[in-house]
Asker: 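Supplied in structure tokens, the structure appears directly below.
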Number of protein chains: 4
Amino acid sequence: MRLKKDQKAQAILQAAIKMFAEKGYHQTKITEIADTANVAHGTVYTYFKNKEDLLYNMISKLWQELSLTLEEISNNANLDPLQKVQKMVDAVFDVFTSDSRLGLVVIKEHNQLRKKGMDASVGEYEHLLNSFSHTFEQGVAEGFFDPTIDPDTFLHFVFGGLSQLIHRWANDPRSLNIQKVKEQSKYFVQQSLIKG
Amino acid sequence: MRLKKDQKAQAILQAAIKMFAEKGYHQTKITEIADTANVAHGTVYTYFKNKEDLLYNMISKLWQELSLTLEEISNNANLDPLQKVQKMVDAVFDVFTSDSRLGLVVIKEHNQLRKKGMDASVGEYEHLLNSFSHTFEQGVAEGFFDPTIDPDTFLHFVFGGLSQLIHRWANDPRSLNIQKVKEQSKYFVQQSLIKG
Amino acid sequence: MRLKKDQKAQAILQAAIKMFAEKGYHQTKITEIADTANVAHGTVYTYFKNKEDLLYNMISKLWQELSLTLEEISNNANLDPLQKVQKMVDAVFDVFTSDSRLGLVVIKEHNQLRKKGMDASVGEYEHLLNSFSHTFEQGVAEGFFDPTIDPDTFLHFVFGGLSQLIHRWANDPRSLNIQKVKEQSKYFVQQSLIKG
Amino acid sequence: MRLKKDQKAQAILQAAIKMFAEKGYHQTKITEIADTANVAHGTVYTYFKNKEDLLYNMISKLWQELSLTLEEISNNANLDPLQKVQKMVDAVFDVFTSDSRLGLVVIKEHNQLRKKGMDASVGEYEHLLNSFSHTFEQGVAEGFFDPTIDPDTFLHFVFGGLSQLIHRWANDPRSLNIQKVKEQSKYFVQQSLIKG
DNA sequence: TATGAATGAGGATTCATTCAT
DNA sequence: AATGAATGAATCCTCATTCAT
């Protein structure tokens with residue numbers, strides 16, 4: 001029973017991801033999500049508070065996943081700071097491209113939540129920032145990274161860059177070779193970080 | 001008469017920029033724009049076809065401006081490729097921060113048009129891409145830039161990074177020192193481009 | 001459930017007939033129809049695509065009814081051609097006066113649909129025409145009717161005449177004795193048809 | 001100056017007739033009429049009180065013309081009652097088909113005015129009715145016409161029949177031979193009127 | 001008189017959400 | 001839990017009419 005319940009919620013969430021990615025949040029009707037999930041539209045409200053809650057759920061899910069992964073990387077004693085940063089970039093790509101539609105939704109509609117002060121990512125984002133900052137400081141202390149770089153600025157810059165690339169790719173996967181893009185991105189990051 | 005007409009259209013456009021930046025496209029009512037511009041809501045339709053046309057106008061205006069500036073930089077024979085790229089980054093910051101609200105709208109709502117195939121920027125964006133690609137190739141030929149870099153990927157990456165930073169700043173100007181951010185951005189770009 | 005559903009649709013349709021007859025199609029607001037039917041205005045759109053669809057439904061319903069009746073008369077072997085025509089006139093009166101308001105709407109607003117190419121009646125009208133033409137030809141063949149009459153012209157003439165009378169009556173039932181009008185009409189038709 | 005003024009009013013009225021006939025009253029915008037008449041749309045209000053006044057003008061104009069003609073026929077001592085009626089039918093056809101578009105407007109949009117109690121035709125229609133009634137009574141008195149006929153009913157019947165035929169013809173002039181239709185109509189009228 | 005920018009009343013339609021079954 | 005009929009707030013856009021120039 002418990003399992004079944006989750007399955008239906010999952011089906012609805014997946015349907016919402018699909019539709020939000022294809023048509024955008026505002027252009028997607030609850031009815032379309034319900035149809036895609038093969039349930040009555042009233043059922044959506046059994047599992048989710050409202051339309052925005054669907055968005056909240058999928059976005060925070062991805063953020064949590066990413067935040068957790070970055071933390072693990074940050075705490076991995078077997079990696080040097082540069083390796084950690086490289087792995088972090090990999091992780092961002094992996095999370096966003098594992099479900100390209102979900103990634104697209106997060107990138108496209110994240111502002112939607114921000115406006116309403118429902119920003120689920122605030123907490124997760126700080127978490128993520130901390131993981132990176134920690135790694136960056138470690139890198140500076142160990143003489144790997146350029147100490148004149150502001151980690152906050154750098155993080156936003158890189159995150160923006162990766163988002164843009166992933167967004168392009170998700171919209172038209174054939175226009176970009178995602179593996180090459182990933183390698184190039186890691187290279188940009190490395191070049192920017194290491195001491196000139 | 002002609003001047004007056006343009007003035008009213010400008011007032012409405014400015015009001016729309018203000019409201020779209022503050023509340024987002026979908027959350028802004030035509031009535032609010034009209035109120036802000038001190039005209040009756042019907043007047044909006046005297047100057048603009050519909051709500052989306054307002055967005056189209058402001059976005060394409062900024063894109064055109066940027067596209068033109070980048071082309072000029074690209075064609076400036078007095079600058080070496082690295083200087084050109086630095087100036088291009090400056091130009092992006094300048095355009096997007098000259099009217100922080102307009103910049104915010106463009107970054108936030110650009111997808112809105114993309115969906116409808118009204119993407120005014122497609123043409124301008126290609127133009128912009130060409131200006132950069134040209135400069136990049138020149139830089140490679142003259143031995144300044146790393147030839148393994150894909151200019152397309154790099155451009156998207158940098159553009160994404162800059163967008164993200166500007167977006168953060170425009171939402172809360174006190175959270176970031178825009179001049180420092182600009183300098184840092186140029187540094188990242190330079191580090192990524194020049195031969196390791 | 002099925003029954004209930006139809007009942008509500010019927011209530012809305014009846015309300016629309018009432019309002020369209022009283023105020024005309026363009027002067028009637030959806031809200032008025034909904035109020036008259038004691039439902040929320042949104043409910044109208046649960047059962048009908050839009051305002052025009054309401055008109056379409058009521059008009060095509062009456063046309064179908066009439067078309068069917070005329071066909072039955074036409075095929076009735078127990079009647080001679082003149083009797084058939086007389087019965088046809090009766091049928092027109094009966095259909096249009098059974099719900100005087102519906103009749104009024106059909107006569108008043110039929111053009112509304114015609115403009116949009118939604119003319120449901122085109123098919124039914126041809127059907128009706130055929131029933132009459134068939135009867136007319138039979139009448140000519142059997143020597144009852146004047147062969148110099150063009151059945152098409154005659155049909156339009158009679159239909160126009162009946163419409164006008166019914167229209168007058170429906171607008172102000174006390175101004176005309178509908179039974180007398182019916183008898184007179186049948187007399188005109190008979191006089192026009194039979195051989196001079 | 002006086003002439004010029006009338007010319008402009010005429011141009012606007014003609015434009016309105018054209019547009020109302022083509023698109024119907026509600027579907028025609030003042031701007032379209034003004035464009036067709038090659039004046040600014042504000043100018044329409046210099047010559048006509050409002051949109052409905054345009055309709056009123058064209059309709060009452062035609063009614064007056066017809067009313068006058070019928071009166072002349074009615075008073076013509078050189079014609080017997082049957083000849084008068086025949087001429088009256090001719091007159092109806094002539095008036096309505098002289099400007100087929102105006103005829104169409106009158107037939108299509110006459111109700112529009114009736115609703116608002118602006119029925120310009122009330123006076124003229126009574127006039128017209130009187131002309132016919134007078135002729136009919138003369139015909140009965142002189143033994144030409146069937147005294148059991150109610151002239152009111154007959155008039156409405158005939159007027160409806162003629163309207164319908166003219167309407168069909170005006171909408172698609174090639175579908176009906178108007179001269180034949182006229183002759184047939186006169187025949188129907190004659191057959192209905194004369195003593196069985 | 002002529003113009004056309006400005007007005008704003010007016011109304012159709014959508015769709016997220018509720019709730020009786 | 002599941003359904004989907006019912007709701008009505010929300011808002012865009014139209015266009016007849018006015019009036020300052």
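Bear in mind that the values here come from a model prediction, so they are computed numbers and not experimental data. Throughout, a chain's letter reflects where its sequence line sits, starting with A, and its residues are numbered from 1.
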Asker: Would you kindly give the CD1-to-P distance between Ile33(D) and dT3(E), to the nearest whole Å?
Answerer: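 Atom CD1 in Ile33(D) sits about 16 Å away from atom P in dT3(E).
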Asker: Please report the distance, rounded to the nearest Å, between CG in Asp35(D) and P in dG4(E).
Answerer: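 Value for this atom pair: 10 Å.
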Asker: Just the dot-bracket of DNA chain F, please: which string comes out with Watson-Crick or G-U pairs under 3.5 Å, [ ] for crossing, | for another strand?
Answerer: .||||||||||||||||||||
Asker: What's the NZ-C1' distance between Lys23(C) and dG11(E), to the nearest Å?
Answerer: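 Result: 12 Å.
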Asker: Give me the one residue out of Leu13(D), Leu102(D), Thr36(D) that meets side-chain contact (heavy atoms from CB on, under 4.5 Å) with Lys18(D).
Answerer: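 Of Leu13(D), Leu102(D), Thr36(D), side-chain contact (heavy atoms from CB on, under 4.5 Å) with Lys18(D) is met by Thr36(D) alone.
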Asker: For the side-chain contact (heavy atoms from CB on, under 4.5 Å) test, which of Val105(A), Ile33(A), Leu54(A), Asp35(A) pairs with Met19(A)?
Answerer: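 Result for side-chain contact (heavy atoms from CB on, under 4.5 Å) with Met19(A): Ile33(A).
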Asker: Given atom CG of Asp53(C) and atom P of dT14(E), what is their separation to the nearest angstrom?
Answerer: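 It is 12 Å, rounded to the nearest whole Å.
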Asker: In whole Å, what is the span from the CG atom of Leu55(C) to the P atom of dA12(E)?
Answerer: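 The distance from CG of Leu55(C) to P of dA12(E) comes to 13 Å, rounded to the nearest Å.
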Asker: Going by the rule salt bridge (charged side-chain N to carboxylate O under 4.0 Å, His left out), which residues pair with Lys51(C) if we only count those two or more places apart in sequence or in a different chain?
Answerer: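 With sequence neighbours excluded, Lys51(C) shows a salt bridge (charged side-chain N to carboxylate O under 4.0 Å, His left out) to no residue whatsoever.
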Asker: Return the NE2 to CZ distance between His26(D) and Phe20(D), rounded to the nearest 0.5 Å.
Answerer: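 CZ of Phe20(D) is found 10.0 Å from NE2 of His26(D).
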Asker: Would you say the side-chain atoms of Tyr25(D) pair up with the backbone N or O of Lys108(D), donor to acceptor, closer than 3.5 Å?
Answerer: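 Judged by distance alone, no pair lies under 3.5 Å.
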Asker: How would nucleotides 8-15 of chain F be written as a contact map, 5' to 3', with B for base contact, S for sugar-phosphate-only contact and - for no contact, using protein heavy atoms under 4.0 Å?
Answerer: BB-SSBBS
Asker: Using side-chain contact (heavy atoms from CB on, under 4.5 Å), reason through Glu52(A) and Glu109(A) one step at a time and then give a plain yes or no.
Answerer: CA-CA 10 Å; Glu52(A) 208 165 40; Glu109(A) 311 292 354; over 6 Å; no
Asker: What is the distance from CD1 of Ile12(A) to C1' of dA2(F), rounded to the nearest Å?
Answerer: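 Roughly 10 Å, once rounded to whole Å.
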Asker: CZ of Phe48(A) versus C1' of dA2(F): gap in Å, rounded?
Answerer: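 It works out to 15 Å between those atoms.
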Asker: Starting at CE of Met58(D), measure out to CG of Asp99(D) and round the result to the nearest 0.5 Å.
Answerer: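 Met58(D) atom CE to Asp99(D) atom CG measures 10.0 Å (nearest 0.5 Å).
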Asker: Report the relative orientation of the aromatic rings in Trp63(B) and Phe96(B); use parallel for angles under 30°, tilted for 30 to 60°, perpendicular for over 60°.
Answerer: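 Correct class here is perpendicular.
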